[in-house]
Amino acid sequence: MRRYRKGTLIGLSLIFTLTVAWASGEDKGAANMILEGGKRGNVPFPHRQHQETLQDCQICHALFPQQAGSIETLKAAGTLKKKQVMNKQCTKCHRSKRKAGEKTGPVACKTCHVRK
Ligand code: HEC
Ligand code: HEC
Ligand code: HEC
C-alpha cells in the first residue's frame with residue numbers, strides 16, 4: 001500500500017468531506033415557480049417563502065417528490081387526483097391558518113389562479 005504524508009491525508013479527507021457535504025447538500029429548488037393550474041390558469045408559487053415559513057419539506061413533498069413537474073406527472077399517471085395538491089395542501093393549510101388567526105396565503109380562486 002502506498003504511504004501518504006500526513007498533509008496529503010488531511011487534504012484528501014477535506015476534499016472527501018466537502019464532496020460528501022456537497023453531494024448530500026440539499027437542493028432547495030427554485031425560489032419561485034409557476035404551477036400548472038388547468039383551465040383556471042396557472043398558479044404562481046413562492047416556494048422559498050414556504051420553505052422558510054414551514055421548515056419541514058415533507059409537509060408538501062410527502063405527496064410528490066422534489067422534482068420540477070412532478071405534480072403534473074403524477075396527475076397524468078393517476079397517482080394524484082386533479083386538485084388533490086390544491087385541496088389537501090394549499091387551500092387546506094391556508095384555510096386552517098386563517099381560522100387560527102395566523103398569517104396565511106390565499107383561499108380565493110382568483111388570488112391563486114392567474115388567467116392567461
Ligand atoms: C408548501 C409546499 C412545499 C414545501 C413546504 C416545500 N416544497 Fe419543494 N416544491 C413544492 C412544489 C409545489 C414544487 C413543484 C412541483 C412541480 O413542479 O410539480 C416543488 C418542487 C421542489 C423541487 C424541484 C423543483 C426545482 O426547482 O428544482 C425541489 C428540489 C424542492 N421542491 C425542494 C424542497 C425542499 C428541500 C424543501 C424543504 C426545505 C421543500 N421543497 C419544501 C412545494 C413545496
Ligand atoms: C392556494 C392556491 C389555490 C387556490 C386558492 C385555488 N387553487 Fe386551484 N389549483 C392550485 C394548484 C397549486 C393547482 C395544481 C395542483 C393540483 O391540481 O392539485 C390547482 C389546480 C386547479 C385546477 C386544475 C386541475 C386539473 O388538473 O385539471 C382547477 C380546475 C382549479 N385548480 C380550480 C380552482 C377553483 C375553482 C378554485 C376556487 C374555488 C381554486 N382552484 C382555488 C392552487 C389553488
Ligand atoms: C402547511 C401550510 C401551507 C401549505 C401546504 C401551503 N401554504 Fe401557501 N402560505 C402559507 C403561509 C403560512 C403563508 C403566509 C406567508 C408566509 O408567511 O410565508 C402562505 C402564503 C402563500 C401565498 C402568498 C404569498 C405572499 O407573499 O403574498 C401564496 C400565493 C401561496 N401561499 C400559495 C400556495 C400554494 C399554491 C400552495 C400549494 C402548492 C401553498 N401555498 C401551500 C402556508 C401554506
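Starting from 1, each residue takes its place in the sequence as its number. Just follow the structure's listing: the first ligand is 1, and inside any ligand the first atom is 1. Not measured: the values here are computed from a predicted model.
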Out of [options], whose heavy atom sits nearest [atom]?
atom                    : options            : result
atom 15 (C) of ligand 2 : H94, K75, K83, K92 : K75
atom 21 (C) of ligand 2 : K110, R40, H113    : H113
atom 2 (C) of ligand 1  : A30, G29, C60      : C60
atom 40 (N) of ligand 1 : Q55, Q66, H61      : H61

Residue portion contacting ligand 2 (non-hydrogen atoms closer than 4.0 Å) for C109: both
Side chain or backbone of N87 under 4.0 Å from ligand 2, or both, or neither, by non-hydrogen atoms? neither
Is any N or O atom of Q51, backbone or side chain, closer than 3.5 Å to an N or O atom of ligand 1? yes
Looking only at distances, please establish whether an N/O atom of ligand 1 is found under 3.5 Å from an N/O atom of G69. yes
How far is [atom] from its nearest protein heavy atom, and which residue and atom name does that atom have?
atom                    : answer
atom 20 (C) of ligand 3 : G105 CA, 3.4 Å
atom 27 (O) of ligand 2 : K82 CD, 3.7 Å
atom 24 (C) of ligand 1 : A68 N, 3.6 Å
atom 12 (C) of ligand 2 : L35 CD1, 3.7 Å
atom 22 (C) of ligand 3 : P106 CD, 3.4 Å
atom 17 (O) of ligand 3 : K103 NZ, 3.2 Å
atom 30 (C) of ligand 1 : H47 CE1, 3.4 Å
atom 42 (C) of ligand 1 : F45 CE2, 3.4 Å
atom 14 (C) of ligand 1 : M33 SD, 3.3 Å
atom 39 (C) of ligand 2 : M86 CE, 3.4 Å
atom 1 (C) of ligand 2  : C112 SG, 2.6 Å

With heavy atoms of [X] as the reference, note each atom of ligand 2 found under 4.0 Å away.
X    : answer
Q84  : 18 (O)
G37  : 21 (C), 22 (C), 23 (C), 28 (C)
A108 : 5 (C)
V107 : 5 (C)
C90  : 1 (C), 12 (C)
V85  : 18 (O)

Between atom 8 (Fe) of ligand 3 and C93, is there an N, O or S atom separated by less than 2.8 Å? no
Between T91 and atom 8 (Fe) of ligand 2, is there a contact where an N/O/S atom of the residue lies under 2.8 Å from the metal? no
Of all the heavy atoms in V43, does at least one lie under 4.0 Å from an atom in ligand 2? yes
I'd like to check which ligand 1 atoms, numbered from 1 as shown, lie under 4.0 Å from a non-hydrogen atom of [X].
X   : value
H50 : 1 (C)
D27 : 29 (C), 32 (C), 35 (C)
F64 : 10 (C), 11 (C), 12 (C), 13 (C), 15 (C), 42 (C)
Q67 : 15 (C), 16 (C), 22 (C), 23 (C)

Applying a 4.0 Å heavy-atom criterion (strictly less than), which segment of L54 is in contact with ligand 3: side chain, backbone, both, or neither? side chain
side-chain contact (heavy atoms from CB on, under 4.5 Å) partner of F64, the single match among I71, T73, T79: I71
Quick check on atom 8 (Fe) of ligand 3 - does any protein heavy atom sit closer than 4.0 Å to it? yes
Would you check whether T53 has a nitrogen or oxygen atom less than 3.5 angstrom from a nitrogen or oxygen atom of ligand 3? yes
Between I71 and ligand 1, which part of the residue brings a heavy atom under 4.0 Å of the ligand: side chain, backbone, both or neither? both
For Q89, which part has a heavy atom under 4.0 Å from ligand 1: side chain, backbone, both, or neither? neither
CD/Q67: more than 12 non-hydrogen atoms of other groups inside 6.0 Å: no
Metal proximity, C57 vs atom 8 (Fe) of ligand 1, N/O/S cut-off 2.8 Å: no
